[in-house]
Every structure is written in structure tokens, then in C-alpha cells.
There are 2 protein chains.
Amino acid sequence: MSRKKRQAELSERNRQLLKLLVSQYIEEGQPVGSKTLAERSGLDLSAATIRNIMADLEALGLVHSPHTSAGRVPTIEGYRLFVDSLLTIRPLEPENIEAFQRQLDPAASTTELVSQASEFLSSITHLAGIVTVPYKLASLKMLEFLPLSENRVLAIIVTTDLEVENRIIHVQRSYSQDELQHIANYLNEHFAGQDIASIYHHLLADMKAAREHMDRIMRTAVDMAEKVFSETQTGDEVVVAGQTNLMDVDDLADINKLKELFEVFNEKREILHLMDRTMKAEGIQIYLGQESGYGAFGDCSVVASTYEVDGQTAGVLAVVGPTRMPYDRVIPAVDITAKILGAALNSRK
Amino acid sequence: MSRKKRQAELSERNRQLLKLLVSQYIEEGQPVGSKTLAERSGLDLSAATIRNIMADLEALGLVHSPHTSAGRVPTIEGYRLFVDSLLTIRPLEPENIEAFQRQLDPAASTTELVSQASEFLSSITHLAGIVTVPYKLASLKMLEFLPLSENRVLAIIVTTDLEVENRIIHVQRSYSQDELQHIANYLNEHFAGQDIASIYHHLLADMKAAREHMDRIMRTAVDMAEKVFSETQTGDEVVVAGQTNLMDVDDLADINKLKELFEVFNEKREILHLMDRTMKAEGIQIYLGQESGYGAFGDCSVVASTYEVDGQTAGVLAVVGPTRMPYDRVIPAVDITAKILGAALNSRK
DNA sequence: GCCTGGCACTCTCTAACCAGGAGTGCCAGC
DNA sequence: GCTGGCACTCCTGGTTAGAGAGTGCCAGGC
């Protein structure tokens, strides 16, 4: 009895049938029955045989039928096997890629590039696109302090990627414009051109080593810089585009589910978590349904990839859609977008 | 025949009945019939009499029945009359107001305050809140230029409301850091402390008058300032909160309608249009359904109000929800939020 | 002239029912 | 190991019937 094969090997033929079944289901959204499968397999097998095979696949937990007399639908495990080893990629049309490349303005700021990438992802897949802004990738161009009332100072940080960030920091006493200028000059001399991340670490070393030899102003300079850059570390921004595309997806017709999902997008916390996990991996990651570990992603899956700047992974970009999404298109879309975004960010160094 | 009354006066009794009908419908969401109305009117009239009156109201176009044997539902005109002259306001609980006031951080930046206001609106009404960031309200604290490659200059504008804006402007030739410093000094001397709007107008006058007497550097200073501030004029930012609340509203169950609506929120153009119209009016404006003139607002209505800073209308805030929304709560919510936001912005001058 | 109870009528809503169709599992035979 | 055949299950769509809600109109009363 083939039923005994259990976890054991899956014959090439059965793998092909599973592949067909999953693609078919992804396309039509309907449970697929033995007859259709027999017709389209090109394997010259009868429906009855297919039925036997299906029973095997079901025993392996790869497919399941919603009720006795419906066709089969892939399970999460079925999808897993499909995306991991059965899928044939359908590359994007060069026109689309070129259009995207043309549209990217090399003079634009980082956030703009990121949001263009997110838009592109969502428009090409008709799903939701997510891109995190690059993590501490920029280096410092200029630092500036402005006195505010009551021991507060406004710090303005301009980075080489043309972002301007501002933070209000609280200090021990109030400083005059001149003092602050002095401090800023000192810090600019030392840190301009360095990348933000290493400034933070460099700085700590400096501080401990040289503290004795500094005058009071220099010490406060160091203290202030620490405050400024420790906050800057948290690069928790993420740009979501095309959420509304998900409202067309009939697998996500349940308004309440959809609401939960949208709230996750707004909250951004869970998203960041997931993006963070992706950061640590390599290449394209696919989180199928509940696999992601977030309840609200019920029938949703995520195709994510890191992107690189300067040879280092700088951020993550992803597409969110129903588990029943055209992976053969979405995967290359994510892949190419990651490469192009990385290149665009790189070219501006 | 009372049917002849047409546009003529509406007896006090009939007005009361309309009021009851509308409130009842807003609460229950079901067409309301003569029997319920007779019971709750407190007027000691029989259902049959009510029916006659309803027929009159229908002839006046204030109510209409979805089909022969359903109760009556208010028309847009019916709602109009209701909100304009029948409604009894139910003020917010002081606890809620105080909680909001406590939560507003006077040290926060303008955008933060605005988005807190938007959050508050949406949480108190369980609908979507919209707040525009104040229009040219701030005055200039400091201006700074940084040279970029290829005739581009990064301008950083810090305003007294602690916003930091940056623009990339294109210039005729490239300038050195020193030249730019020079220019910035000149502009800061002249414009620091002035409000952004009047700088733009002031400046134009200056330019025309004094151009002859300036050296070349000063002239370019003026040119650059013009570029910077002309772009700054467009204060087209708007903060939307609680969109997802609208997904619970059963009047908006149609996913496609909802999608259109969400896209309007994302686009922001139409929203800004509407907010702009509100800017020009005074007090609370209510746009019922199609009245707003925007198709996507099909079954939605908007309760909007300007808010003032420094005695001048500075921006608009609004609640968007189904036309069948509890106006008696939403109106005071919008009203009080406008006042509190205005006060909070004012206190930071 | 206004209000009322009564009555017939209309329309929606729900449940129930009944094919028709699709797909299955199992079996016996090749 | 594959196949056709067959009985069975379950969903689907359309139809029907009855209940319920509300109406419009009418005739009669104050």
C-alpha cells in the first residue's frame, strides 16, 4: 500500500502532481478535483489513479479537502514544499524593471527611494508592499545644535543620504548659542564623514579613553553626542504601500480579519519584528500563514528579502498577500526590487 | 389635505417626529415604522396618524421608504434639517476631555500634537479622524544651507514650532560652504522671528525694491530664499487616524466602497480639497453624503471644523463616518478637540 | 377637519426543500 | 499498479411557503 510511504520519499510523479495542484489552486482559488488534474497533468493517468495519489498526499499532510466531496486544497505544508522545491519562477518583464529603474530619482532622499520601491512592489504584484528604511547606513554630514527654552536643545543631524533628523535632548543647564556652536564644531570635526553606527561605538571608546584630558565643554559635547546618537540608533521606520490592494483579494473577504491585518500595518510593531527576523536570514524568506507567528496574518503570507548597500544588509523589503498568491511572480519581484533599491542607494554614496 | 403643505411650514409636532425618527434610525440602523414612532413619541397619537404624517414628510422629501412595506429612513435633506435645527447635543464627559488634555505634551512638535488630536478624535468617536497640520503658522527660527554635489543645495529650515524641514534647491552654480554660510547669515538676520507666510510676501517686496543696491551674493541670497519659501508655502499635510474603525461600521459593509474610501485617504488630494473648503467657512461644517461633491464619500459624511491659533484659523480637523453617525456626540467632539488643539498650539508660542 | 381602528395589500426574510453537479472512496477486474 | 463503475456525500442555486412588518386607504367618531 502506498499509504505506508508516510514521511518517506515522494515520487517524482507525485511531486509533479502536487505542483500542478498548487498552481492550479493558486490560479483558480477553487479546490481542485481529480478530473481536472488528470486532464491537465499530461501524464495519461485516469482520474481514479489521481484520486489514489491524492489520498497519499493527504496522508502526508500536503493537501486536504474542505469536505467530503470537494477537491483538494494545499495545506501550509503543501505550500511550503511547493515554494521550496517545486516552483518555477516567472521572471518579470524587462519593461517593468526598466520603468522602475527610470522612475527612481538618484537625487531623491532615502525615504523617497524607499517609498518608491514600496509602491513598485505593490503595483507590480497588486498586493501590499513593505520596505524598511535602511538601518544606520548613512554617514554624518553635519551636526547642529539650537538652544530651546528650559535646558532643552534641538539637535539637527544631516546625513549623507540627505535625511534630516531632529531630536530634542535634555541637558543639565542651558547653553548659549555660542557654546553650542563650539560644541557642534568640535563634534563635526571629529565625526563628519563617519557612518552613524560607528560614531556611536567609536564615541564610547573615545569617551572612556580621553575623558581626563578634556575640558568641561568638550566633555559635555561628548555627553550630548551620546544622547543624540543613541536615539538615532533606533531606525524603526517602515513604509507600507498598496494596503488597499488586499481589499480586492477574495481570500481575505472577511472584513474583520482584514481589519486586524490593517491594524498590524498601522501599529508597525509586529511588522518590524518580522522584518527584523528577516534581517538575520539570507536571501528570500517566505512566511506562510501562521508560520510567521502573528495571529493577524491568518490567511496571509509574506515574501521578504533583505537588500544590501555597500555589501552589507541594510534593510528589508517584503510583499504581503494571501497565502494563495502567485509566488512565481512575487518572488522575482521581491528579488529584483531588492537589487535595484540596493543599487540605487549605493550609487549615491 | 395636508399633502398640500409642500415646502411650506412644518408643524412643530412634525419636526419633533422627524427628530425622533432620525435619532431612532441613527441608533438602530433599521427603517423605523409608524408603530415604534407612535410608542416612543410621547405624543399620544395612533400609528395611523403617524402614518399620515410620514406621508407628508415623504412628500417633502425628508424621509423615504426603501420599499412599500418598510419603515422610513431619512433622506439627505432629512439629515440636513436634523443636524441644522433639530439636534440636541450630548456634550463629552469631562473625564475624556481632561484625559486628552493631560495626554497632550506641550513640548511635542506640531506634527505630534496634530496626530494626537487625530487619534483622540478617532478613539472618542470610533470613526476616522482627520487633522491638517497648521498652515504657515510657525515663524522662522533658523535657516541653514549645505552644499551638495552638482549645483544643488540642501536648505534646512527650523521653525519655532520645532519642525525641521528640508528642501533640495537647484542653483545656477555651485557655492562653497563659506558662501552659503554668508548667505544664511544674511537671511537669518533679516528673517528670524518672522512668520513664514509674511517672509514670503515681505521678501518679494524687498527684492523688487532693493535689488539695485545689493551685491551679487545678496541677490542670490534672495533668490535662494525665494525658492526655499515658495515650496514651504504648500502646507499640504494631513494626518488621518483610525481609518480601520470604518471597517466595523455596518453601513459601509461593501468592500468596494470601502476600498474607494481608503484610497481617498491615501491620495489625500480630495481630502485636502474638502479641508480647504472648510478653512474658508466658519464654525462647524457638516458635509452629508454626496453633498461633499466627492463620489467616494457615497454613504459617508464629514463633520469638520477649523481650529485657531493666535486668533487666526490655522487648520482643519474632521471626523469621517457613515452618514448614519451619532452627530449629537461627534459634533461636540470635533468642537472641543478643535479648541484644545488650538490652545495647545497657542501655549507654545 | 383631524384622528382612529380596521383591513387588505405588498414586500422582505427565513427556512425548507429539492434537484443538479462535483468529487470522493472503494471495489472488482484487467 | 491502473482503471472504470458505482454508491455516497456534500455544496449550490432556485423555488416555494409562511411569517412578519409596515403601509395606504377607508369609514366612522369626536
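So you know, we letter chains A, B, ... as the sequences are listed, proteins then strands, and number each from 1. These numbers were taken from a predicted model, which means no experiment stands behind them.
Proximity of A/Arg51 to the phosphate of D/dT3: no side-chain N or O atom is located under 4.0 Å from OP1 or OP2. Distances shorter than 4.0 Å separate some side-chain N or O of A/Ser34 from OP1 or OP2 on C/dT24. Distances shorter than 4.0 Å separate some side-chain N or O of A/Thr49 from OP1 or OP2 on D/dT3.
Under a 3.5 Å cut-off, the side chain of A/Ser305 and the backbone N or O of A/Ala338 do not form any donor-acceptor pair. Judged purely by atom type and a 3.5 angstrom limit, B/Asn245 uses its side chain to pair as donor or acceptor with the backbone of B/Ser122. In this structure, A/Ser292 contributes its side chain and A/Leu288 its backbone to no donor-acceptor pair below 3.5 Å.
Classification of B/Arg80 and B/Glu77 as a salt-bridged pair fails, no side-chain N sitting under 4.0 Å from a carboxylate O. Between B/Asp250 and B/Arg324, at least one side-chain N (NZ, or NE/NH1/NH2) sits under 4.0 Å from a carboxylate O, which counts as a salt bridge.
In this entry the distance linking CD1 of B/Ile50 with P of C/dG5 reads 12 Å, nearest Å. In this structure, A/Asn14 places its CG atom 13 Å from C1' of D/dG1, rounding to the nearest Å. Whole-Å rounding puts the B/Leu43 CG to C/dT4 P distance at 10 Å. Straight-line distance from the CG atom of A/Asn52 to the P atom of C/dG29: 17 Å, rounded to whole Å. D/dC2 atom C1' lies 17 Å from atom CE of A/Met54, rounded to whole Å. Atom CG in A/Asp56 sits roughly 15 Å away from atom C1' in C/dT24 (whole-Å rounding). Regarding A/Glu58, its CD atom lies at a distance of 15 Å from the P atom of C/dG23, rounded to whole Å. B/His67 has its NE2 atom 10 Å from the P atom of D/dT23, to the nearest Å.
Of the candidates C/dT4, C/dC11, D/dG24, C/dT4 carries the atom nearest the B/Ser46 side chain, counting heavy atoms from C-beta on. With C/dA22, D/dT3, D/dA21 as the choices, the nucleotide that has an atom nearest any side-chain atom of A/Ser69 turns out to be C/dA22.
If B/Arg13 and B/Pro66 are placed on DNA chain C by their nearest nucleotide, the residue sitting closer to the 5' end is B/Arg13. In this structure, A/Thr36 and A/Ala48 both approach DNA chain C, and ranking their closest nucleotides by distance from the 5' end singles out A/Thr36.
Within the 4.0 angstrom heavy-atom criterion, only backbone atoms of the sugar-phosphate kind lie near B/Ala70; the bases stay farther away.
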